[in-house]
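One structure below.
Order of listing sets the numbers, starting from 1, for every ligand and every atom in it. Throughout, residue positions are numbered sequentially from 1 according to the sequence presented.
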Amino acid sequence: MLLVPDEFRDQLRAAHDDAWLSAVQVQAALRAAGLRPTRQRIALGRLLFGNRHRHVTAADLHGDALDAGSPLSLATVYNTLNQFADAGLLRRISINGERSYFDTDVGDHHHFYIDAEDRILNIPAGAVALDRLPLPPDGYEITKVDLVVHLTRVAERAARQLSKADPATSAVPPEIDPL
Ligand SMILES: [Zn+2]
């Protein structure tokens, strides 16, 4: 895997305050990551790297690209996101092995995932203490730990347990907010 030099990562992070990076800045970042700055990569890079910490799916970014006047196919967007992730410009987060999010912050942190809302929230790295990890199998070493903590709204869980306990009364009781 190609790694982005730290100074570029800092520049990208510093630029997160601005709404947009210039095409020249994105070109430089792509080159530093070992990627040829094609038109599609620059267009998508400007949408991604100039923004604050975001977690996007290929479909989200595809919508952004269309809104910004870049008529790229969803497949191109998906491939480009994976290339950015392979080059260390983005971090890939897989949820339940099927849905991929791409995180614009490649720094150390973990995530909450709200299943019912398909939403990701950040957990700062310092908020999680992992003091015992399993030994890796022979011939392997642990390179990083990605933690996804799944969340359910308390009211939803209560309603589900209630309808499971007595299927005849599947209606949500009035004191619980129906969602
Ligand atoms: Zn994140």
Side-chain angles (χ1 to χ4, degrees), residues 1-22 25-26 28-30 32-35 40-68 70 72 74-134 136 141-154 156-157:
M1 180 171 113
L2 292 158
L3 285 178
V4 185
D6 282 345
E7 72 232 61
F8 270 107
R9 209 166 267 170
D10 290 345
Q11 272 178 31
L12 289 176
R13 214 169 287 152
H16 276 203
D17 295 337
D18 303 323
W20 286 79
L21 283 190
S22 73
Q25 283 171 302
V26 173
L30 290 172
L35 291 173
Q40 291 105 305
R41 285 176 182 158
I42 292 171
L44 295 177
R46 290 190 71 188
L47 289 172
L48 286 167
F49 308 139
N51 263 306
R52 67 206 144 72
H53 187 163
R54 285 176 78 194
H55 310 104
V56 296
T57 62
D60 295 335
L61 187 64
H62 183 233
D64 288 356
L66 294 181
D67 288 347
S70 300
L72 303 172
L74 180 60
T76 300
V77 172
Y78 187 72
N79 291 338
T80 307
L81 281 168
N82 278 304
Q83 290 159 1
F84 285 176
D86 289 342
L89 290 167
L90 294 175
R91 170 170 156 189
R92 202 184 286 113
I93 308 166
S94 285
I95 304 287
N96 301 330
E98 46 182 46
R99 200 174 170 80
S100 281
Y101 282 86
F102 294 85
D103 195 335
T104 57
D105 185 343
V106 293
D108 248 359
H109 65 284
H110 302 284
H111 295 99
F112 281 125
Y113 180 67
I114 308 173
D115 288 82
E117 300 169 26
D118 242 341
R119 200 149 65 92
I120 287 194
L121 302 171
N122 294 301
I123 305 174
V128 176
L130 293 166
D131 60 357
R132 234 185 54 174
L133 287 173
E141 60 173 350
I142 295 173
T143 50
K144 69 171 179 176
V145 178
D146 266 341
L147 192 68
V148 176
V149 179
H150 291 252
L151 300 178
T152 306
R153 249 184 215 278
V154 177
E156 283 170 19
R157 191 164 50 90

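Partners of Pro134 by side chain to side chain contact (heavy atoms under 4.5 Å, CB included), not counting sequence neighbours: none found. Shown here are the side chain to side chain contact (heavy atoms under 4.5 Å, CB included) partners of Thr57, two or more places apart in sequence or in another chain: Ala59, Asp60, Arg99, Tyr101. Annotation: ring pair (Phe, Tyr, Trp, His ring centres under 6.0 Å) contacts of Phe102 (sequence neighbours excluded): none.
Below the 2.8 Å limit, the Zn ion (ligand 1) has as protein N, O or S neighbours His53 NE2, His55 NE2, Asp103 OD2, His109 NE2, His111 NE2, Asn122 OD1.
Under the 3.5 Å distance criterion, the side-chain polar atoms of Thr80 are left unmatched by any main-chain donor or acceptor of Arg41. His62 places a side-chain N or O within donor-acceptor distance of the main-chain N or O of Leu72, the cut-off being under 3.5 Å.
When each of Asp86, Asp146, Asp105 is paired with Arg91, the salt bridge (Lys or Arg N to Asp or Glu O under 4.0 Å) condition holds for Asp146 and for no other.
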